[in-house]
Amino acid sequence: MTDAVWQPERDDSPPPPPPERDPAGHKGTFGTVLVVGGSSTPDSLMAGAPALTARGALRAGVGLCKIASTQTVLEIALTIEPSATGIVLPEAAGVDELAPERGAPDPAGAAEAIDSALDRVTVPALGPGLGTTEQARRLVMRTVATLDRPMVLDADALNAIASTPEAQADLRAPAVLTPHPGEFRRLAASLAIDADPTDEQDRPRAAAMLAQRLGCVVLLKGSGTVVSDGLRAWRCTAGHACLATAGSGDVLTGLLAALIARSLGAGNATPPLYDLVRTAAHAHGRAGELWAARAQADSGLRAQDLADLLPESLAELRN
C-alpha cells in the first residue's frame with residue numbers, strides 16, 4: 001500500500017467581484033502599474049508583450065500604466081498602446097563579460113531608473129518580453145530582492161528565477177506567479193518540486209507546492225487554470241480554446257497587476273492576493289468566452305481584442 005499523496009484544500013467558492021471604484025476618484029486613486037519588459041537584441045525584438053500587458057492593465061481599470069524598457073522597445077510599444085507612458089532603461093554596451101548582449105537593458109542603470117520611479121508606482125509587473133539574457137536575469141533578481149510591495153512575475157521573470165540558484169531566498173515581496181506548464185517545469189526543476197503541471201488531477205497540487213516553496217500565490221495557466229496560495233486550490237471554470245493565442249498571457253498579467261493596484265488604491269494595505277487572482281482568472285476566461293460567442297469561432301482571437309473585452313467581463317462579476 002502506498003501513502004496518499006498530499007493535496008491542497010479544494011476551493012469551490014465563486015470568484016469575488018473586482019475592487020470597488022470610487023465615483024469621486026481620479027486616475028491617481030486607482031493606482032499605477034509599472035510593466036518591466038520588452039527587449040531588443042541582435043537576435044530578437046520583443047515590443048508587443050509589454051504593450052499588451054499595459055493594455056490589459058488599462059482595460060482593467062488601473063489609473064496609470066508605465067512601461068520600463070529600452071528606447072528601441074518603447075518607440076514601438078507606445079505606438080501600440082499610446083495610453084501608457086514610458087521610462088527609458090539604458091541599454092547594455094555589450095562589453096560586460098558576464099552580460100555581453102548589446103541592446104538588452106543594462107542591469108545597474110536599469111535598476112537605478114526603476115528605483116527612481118518606484119515612489120510613483122503601485123504594482124510592478126516583471127517579465128513580459130524581457131528576454132533570457134544575463135542582463136535580464138540580473139535585473140529581475142535585483143528587483144525581486146529589494147522590493148517589499150506586491151508584484152506580478154510572469155514569462156521571463158519566471159525564467160530568471162528558475163535559472164538562479166537559491167532564488168527562493170531572494171523573493172521577499174508578496175508576489176503572484178503566472179507560469180504556463182513549460183515555465184512551471186523549469187521552476188519545479190530548480191526548486192526540486194515533483195508535480196505534473198499538465199495532469200488534471202495533479203495540477204492543484206503542482207500549483208500549491210510552488211506557492212508553498214516561494215511563499216506566493218500561483219496562477220497555473222492552461223485549460224482549467226488553477227490558483228493556489230499553498231493551502232487552497234481553486235480551479236477556474238471560465239475560458240475557451242480561443243485563449244490559446246500569442247499575447248493572451250500578457251493581457252492576464254496586466255489585468256492581475258491592475259486589480260492589485262486598484263485594491264491598494266481602495267485602501268487595502270494588505271490586498272487579498274488569492275481572491276484578486278481568482279477574479280482576474282475568471283474575468284480573463286470570461287472575456288475569451290464573450291469573444292468566441294460573438295465571433296462564432298474557436299480561433300482567431302487577438303490579444304488586443306481580449307483586452308478590450310475585460311471591462312465587460314469585470315462588470316459581469318461586479319453586477
Side-chain angles (χ1 to χ4, degrees), residues 8-9 11-22 25 29-35 53-54 56-65 121-128 147-154 157-158 171 173-179 204 207-208 210-211 214-221 225-239 248-287 306-307 310-319:
E9 178 185 349
D11 182 0
D12 292 324
S13 62
E20 291 290 334
R21 192 172 178 89
D22 184 355
T29 306
F30 308 117
T32 299
V33 166
L34 174 66
V35 181
T53 303
L58 291 163
R59 282 301 199 180
V62 77
L64 295 162
C65 186
V121 168
T122 314
V123 176
L126 277 65
L147 290 185
D148 59 359
R149 70 185 65 189
M151 65 176 70
V152 180
L153 303 176
D154 182 35
L158 303 179
L171 188 58
V176 177
L177 274 62
T178 63
L210 180 58
L214 294 179
C216 63
V217 176
V218 169
L219 184 153
L220 179 56
K221 298 174 186 174
T225 289
V226 174
V227 176
S228 179
D229 60 359
L231 299 175
R232 301 165 288 179
W234 175 87
R235 193 184 297 271
C236 182
T237 58
S248 173
D250 300 318
V251 172
L252 175 59
T253 295
L255 165 60
L256 280 166
L259 293 184
I260 298 169
R262 286 177 54 183
S263 179
L264 287 165
N268 295 313
T270 305
L273 292 183
Y274 173 74
D275 284 340
L276 291 169
V277 176
R278 293 195 299 133
T279 299
H282 179 90
H284 183 262
R286 180 61 183 143
L306 176 66
L310 292 180
E312 184 175 349
S313 64
L314 287 167
E316 283 187 352
L317 274 171
R318 185 172 58 251
N319 296 330

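Keep in mind that what you see is a predicted model, and the values were worked out from it rather than measured.
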Original post:
What's the verdict on side chain to side chain contact (heavy atoms under 4.5 Å, CB included) for Leu177 and Leu158, showing C-alpha distance, side-chain angles and the deciding distance?
Top reply: CA-CA 8 Å; Leu177 274 62; Leu158 303 179; 3.6 Å; yes
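- Between the side chain of Ser313 and the backbone N or O of Ala283 there is at least one donor-acceptor pair closer than 3.5 Å.
- In this structure, the side chains of Leu306 and His284 come closer than 4.5 Å at one or more pairs of heavy atoms.
- The backbone N or O of Ala60 lies less than 3.5 Å from a partner atom in the side chain of Arg262, making a donor-acceptor pair.
- Side-chain contact between Thr279 and Pro17 is absent, with no heavy-atom pair separated by less than 4.5 Å.
- Judged as a salt bridge (Lys or Arg N to Asp or Glu O under 4.0 Å), and not counting sequence neighbours, Asp148 has no contacts.
- Looking at residues two or more places apart in sequence or on another chain, you find a side-chain hydrogen bond (donor to acceptor under 3.5 Å, both in side chains) between Arg59 and Asp308.
- What you find for Val35 and Ala54 is that their closest heavy atoms are CG2-N, 4.2 Å.
- Among residues two or more places apart in sequence or in another chain, the side-chain contact (heavy atoms from CB on, under 4.5 Å) test is passed with Glu312 by Leu290, Arg294, Leu309.
- Side-chain contact between Pro174 and Thr270 is absent, with no heavy atoms from C-beta onward closer than 4.5 Å.
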For residues 250-258, which side-chain N or O atoms pair as donor and acceptor with protein atoms under 3.5 Å away, sequence neighbours left out?
residue, atom, partner, partner atom, Å
Thr253, OG1, Asp154, OD2, 2.8
Thr253, OG1, Gly249, O, 3.2

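- Val218 places a side-chain heavy atom less than 4.5 Å from the side chain of Pro179.
- At least one side-chain heavy atom of Val62 sits less than 4.5 Å from a side-chain heavy atom of Leu58.
- In this structure the side chain of Trp234 reaches within 4.5 angstrom of the side chain of Pro15, judged on heavy atoms.
- By the side-chain hydrogen bond (donor to acceptor under 3.5 Å, both in side chains) test, Asp22 pairs with no residue at all, sequence neighbours left out.
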**OP:** Step by step, work out the side chain to side chain contact (heavy atoms under 4.5 Å, CB included) result for Leu153 and Leu171.
**Re:** CA-CA 11 Å; Leu153 303 176; Leu171 188 58; 3.9 Å; yes
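- Taking Glu316 as the reference, Arg286 meet the side-chain hydrogen bond (donor to acceptor under 3.5 Å, both in side chains) condition, with sequence neighbours excluded.
- With hydrogens and angles disregarded, no donor-acceptor distance shorter than 3.5 Å links the side chain of Thr32 to the backbone of Val121.
- Counting only heavy atoms from C-beta outward, the side chains of Thr178 and Lys221 approach each other to under 4.5 Å.
- At a threshold of 4.5 Å between non-hydrogen side-chain atoms, the residues Arg149 and Pro124 count as touching.
- Remark: the backbone N or O of Pro14 is paired with a side-chain donor or acceptor of Arg278 at under 3.5 angstrom.
- Between the side chain of Arg232 and the backbone N or O of Asp11 there is no donor-acceptor pair closer than 3.5 Å.
- Counting all heavy atoms, side chain and backbone alike, Asp229 lies closest to Leu231 at OD1-N, 3.0 Å.
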